[in-house]
Amino acid sequence: MQIETQRKGAVTVIEPRGAIIQDDADQFGKQLEETVRTSLGRLLVDVTNVPFVDSRGLEVLADAAAALEETGQTLRIAGANETLRTVLELTELHDRFDHYQDVNSAVRSFL
Amino acid sequence: MAGTNDTGATSPAPRSQRVPLLAACAVAGVVVAACAVFSLASADVLSPAVRSAFAVACVAALFALGFIGLFVWKRLPVSEEIQRAVCAWTPGSRHVEVLTITAVDDPVAQWWNELIRSWRDAQRAAIQTEANDKLQQAEGHHGFDGKALDLLPQGVLLVTPNRHVSAANGAACRILMRSKERLANAPVDKVLEDEALNELIAETLSSPQNRGGQTELRLEPEEGVETIVRVTVRGLGEGATRQALVVLEDVTQQRTADQARNLFVAQATHELRTPLTNIGLYVERAIELDEAAVAERSECLNVINGEVLRLARLVDEVLSVSEIEAGSLNIRRDDVRFDDLVKRLEQDYRPQAKAQAVELTFDLPPKLSVVQGDREKVSVAMHNLLSNAVKYTPRGKRVRVEVEETDGFIEARVSDTGIGISGDDLPRIFDKFYRANDKRIAGVTGTGLGLSLAREVIRLHGGDITAESTLNEGSTFTLRLPVKDPAKQTGDKGTTETKAQAKAA
């Protein structure tokens, strides 16, 4: 899995490309955890190119959301496809995140 | 009070029945004892000395019994009152006053009442402690030390009169990149290293009339990015217990957006002014020219026409970029024959390349899949890549366009042996209005929007544009476009969709 990180203004956009599963989930989790810390919470996850996630992937996302919740923030997710949204709803994790259709609207939410 | 019995427990016999019984028992006891002493004293089995001693002992014992009997007799009413009170008290009840004796007033009753008072005081103290604990618990749920402030996105610090941090919420830890343990009891001037801010906190703490104030702080952590924090200081309480509440708000994105907006306006104004100035100058010149100077007038009109086209292109690009940012850019889903599109590019750019003495080559495979996408916008993206390559490639150098189909993607590489892009500029070339800081391109016209627009458009199609470059050696831009329509993969049958829909797909 490729993980791209870019800056949009003062916001860090972390973009995993590929399914967040198994060892890839751990790799993504480490990078996400580091980004949460160094970006001071100004980050969003662009999941436009994530076709699906497994339980480890969900755990990684939930952990990042929990870390941000402790500091009064919510993890922003942009571009989740139907499969991802359904998985998040079925696992009742949907409300742990702020959902945006695209990166630009997610970045604007920091204003 | 004493005498009542709420529990229904069996009450002792009434005093009027018990007194004669006790008196009769006492008289009978004395008579029996006297008879025993008399019989022993009159017996001959013991010596006279032993009999005398035994008689004295018996008399002394009788006196002692008499005193004890008298004592018990006098305490009988108190003990009965205590018994009544105890029977009247409900086990577990907090109303211990019911045990107080009021009918009898003697030392035992006073000691009893004192005991009950002590019990009552202890009970009240326990109730007070319990109430205080519950109050503190309730305050904890809604107060500073609780979880409530951790829900705030703004950081909050409480500063003691001696300027130490007494409490911090989760957001303060995030913004200051320190744990709660590290913030607790830390000197505030070590946490917020800003002289003006610390003066503001000191002034707020020193005077109840000082309402505090607001300032901005730039935090430059050892790792991570510079953060701009708006700090608001307010005073709490008065006198020696006055504290300062420091609220930290991360405004980095707001400031960055302000800067970007100002830069956008400045650059857009500059880009609009340049062609407008040229148009104005050439219109003036055309007016001043003699009617017979047809050739010169024609030249003026050509320049004006070129500048109008440049203005139109700039306005189109600005509109497209703003539409992308607003999520309202419409993407059509046409059948795009990429090879035809590239052949048209070849026709368009061949003369320009020839005029600039740039060798332009195209390498197309014999067959390419039809791409589902917006023909016009994909064409604009390819135009922007190729026009940049031709513009920034000096005379005698080469520009090459290669197209191939791999792994379900059409991949178009536009490479040149031109001036290249420095490592500092490369990460920013897709930013809006960004133009590389290179003196060699100062004379080359450009809006700084082309690459930004091209990449956004291709990303809306599910593809991407990437760039590699070496300064003074050349650049390669790679456009990857998926052959399959992402919208159709998810069952979207629409022919047009907005950016947001495309992203969702």
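Chain naming here is simple, since letters A, B, ... match the order of the sequence lines and numbering starts at 1 in each.
Contact count against chain A (heavy-atom pairs under 4.5 Å) is highest for B/D250 among B/D250, B/L219, B/L176. With respect to chain A, the highest number of heavy-atom pairs below 4.5 Å among B/V251, B/T227, B/I228 belongs to B/T227.
In this structure, chain B has a heavy atom under 4.5 Å from the side chain of A/Q73, while its backbone stays farther away. The contact between A/E69 and chain B is made entirely by backbone atoms, counting heavy-atom distances below 4.5 Å. Heavy atoms of B/D464 lying under 4.5 Å from chain A belong exclusively to its side chain. With a 4.5 angstrom heavy-atom cutoff, A/R7 touches chain B only via side-chain atoms.
Using a cutoff of 4.0 Å between basic side-chain nitrogens and carboxylate oxygens, B/D431 and B/R428 are scored as salt-bridged. With salt bridges taken as basic N to acidic carboxylate O contacts below 4.0 Å, none links B/E456 and B/R459.
Taking all atoms of both residues into account, the shortest heavy-atom contact from B/N169 to B/L149 is ND2-O, 2.8 Å. The heavy-atom pair separating A/L75 from A/L61 by the smallest distance is CD2-O, 3.8 Å.
Applying a 4.5 Å heavy-atom cutoff, the residues of residues 8-20 of chain A that approach chain B are A/K8, A/G9, A/A10, A/V11, A/R17.
The shortest side-chain heavy-atom distance between B/L451 and B/N384 does not fall under the 4.5 Å cut-off. Contact annotation: the side chain of A/Y100 never approaches that of A/V107 to less than 4.5 Å [non-hydrogen atoms, C-beta and beyond].
With 3.5 Å as the limit, one finds a donor-acceptor pair spanning the side chains of B/T232 and B/Q214. Side chains of B/E468 and B/T478: no donor on one and acceptor on the other come within 3.5 Å.
Taking the six-membered ring for Trp and thresholds of 30 and 60 degrees, B/F477 and B/F430 have ring planes more than 60 degrees apart, a perpendicular arrangement.
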